[in-house]
Amino acid sequence: MKFFIDTANLNDIKEANDLGILDGVTTNPSLMAKEGITGEENIINHYVTICNIVDGPVSAEVISTDFEGMVREGEKLAALHKNIVVKIPMIPEGIKAIKYFSGKGIKTNCTLIFSAGQALLAAKAGATYISPFLGRLDDVSTNGLDLIAQIRLIYDNYMFDTQILAASVRHPMHIINCAEIGSDVMTGPLSAIKALAKHPLTDIGLAQFLADHAKGNN
Ligand code: E4P
């Protein structure tokens with residue numbers, strides 16, 4: 001399973017990248033605003049900075065909600081760097097835009113997926129990735145992991161190339177469960193990625209090894 005980090009925070013991106021296990025980055029307009037990145041020029045520059053840190057797909061989201069606007073924005077974003085993936089919302093105009101970009105060989109990530117039907121449509125339009133938001137489904141008492149499993153089944157039935165990018169990941173168990181289901185990618189915060197490495201028995205065991213080594217060297 002590929003690991004993407006879901007943030008526009010450059011320190012977090014660098015820290016995850018330095019671990020050597022990072023495959024890509026996803027952002028969204030809220031994550032950009034959270035880092036104080038506003039205005040078209042700053043946003044564009046930020047995407048380029050991220051692309052220069054991580055050698056992997058970087059999702060950059062369009063703001064337009066009409067086909068022409070999405071195409072205009074998406075083409076501009078895609079021209080910024082070879083690793084840019086144009087992130088497009090799951091709305092009818094978005095499906096048209098995904099189909100258009102797919103014909104042009106431009107990679108897309110269909111975002112705000114909350115149902116299997118939406119995932120099916122995006123795959124038929126040729127999306128490179130689809131982002132089911134599992135944490136946000138959990139937030140409304142609906143099992144987000146069930147949706148990932150349902151999409152996995154449908155995509156396998158028809159051998160769709162579209163990759164399932166489990167999004168809105170909140171904690172390490174989400175990551176483990178996504179890996180069990182066979183999600184192609186997961187995107188989550190640095191905290192969830194780092195939490196995978198933590199185990200109290202590892203800490204206790206290491207402390208003991210170091211203490212014993214120190215005794216032997218006294
Ligand atoms: C997906 O690409 C989104 O950026 C993201 O995963 C949303 O997560 P949230 O529900 O934690 O905001």
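Just the heavy atoms: all of them, side chains too, but no hydrogens, waters or symmetry mates, feed the values below. Every number for a ligand or one of its atoms is a count from 1 in the order of the listing.
- The CG atom of L112 sits 12.0 Å away from atom CD1 of I130, with the distance rounded to the nearest 0.5 Å.
- For D203, the CG atom counts as densely surrounded, since its 6.0 Å shell holds more than 12 non-hydrogen atoms of other residues, nucleotides or ligands.
- Side-chain atoms of T26 and T187 include a donor-acceptor pair closer than 3.5 Å.
- Ring-plane geometry between H174 and H171 is classed as parallel, the angle between the planes falling under 30 degrees on a 0 to 90 degree scale with a further cut at 60.
- Surrounding CG of D146 are more than 12 heavy atoms belonging to other residues, nucleotides or ligands, all under 6.0 Å away.
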Ligand 1: protein N/O within less than 3.5 Å of ligand N/O:
residue: ligand 1; atom: 2 (O); partner: K87; partner atom: NZ; Å: 2.6
residue: ligand 1; atom: 4 (O); partner: D6; partner atom: OD1; Å: 2.9
residue: ligand 1; atom: 4 (O); partner: D6; partner atom: OD2; Å: 3.4
residue: ligand 1; atom: 4 (O); partner: N28; partner atom: ND2; Å: 2.8
residue: ligand 1; atom: 4 (O); partner: K87; partner atom: NZ; Å: 3.4
residue: ligand 1; atom: 6 (O); partner: D6; partner atom: OD2; Å: 2.6
residue: ligand 1; atom: 6 (O); partner: S168; partner atom: N; Å: 2.7
residue: ligand 1; atom: 10 (O); partner: R136; partner atom: NE; Å: 2.7
residue: ligand 1; atom: 10 (O); partner: S168; partner atom: OG; Å: 2.6
residue: ligand 1; atom: 10 (O); partner: R170; partner atom: NH2; Å: 3.0
residue: ligand 1; atom: 11 (O); partner: R170; partner atom: NE; Å: 3.3
residue: ligand 1; atom: 12 (O); partner: R136; partner atom: NH2; Å: 2.8

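- The main-chain N or O of T108 is found under 3.5 Å from a side-chain atom of T128 such that the two form a donor-acceptor pair.
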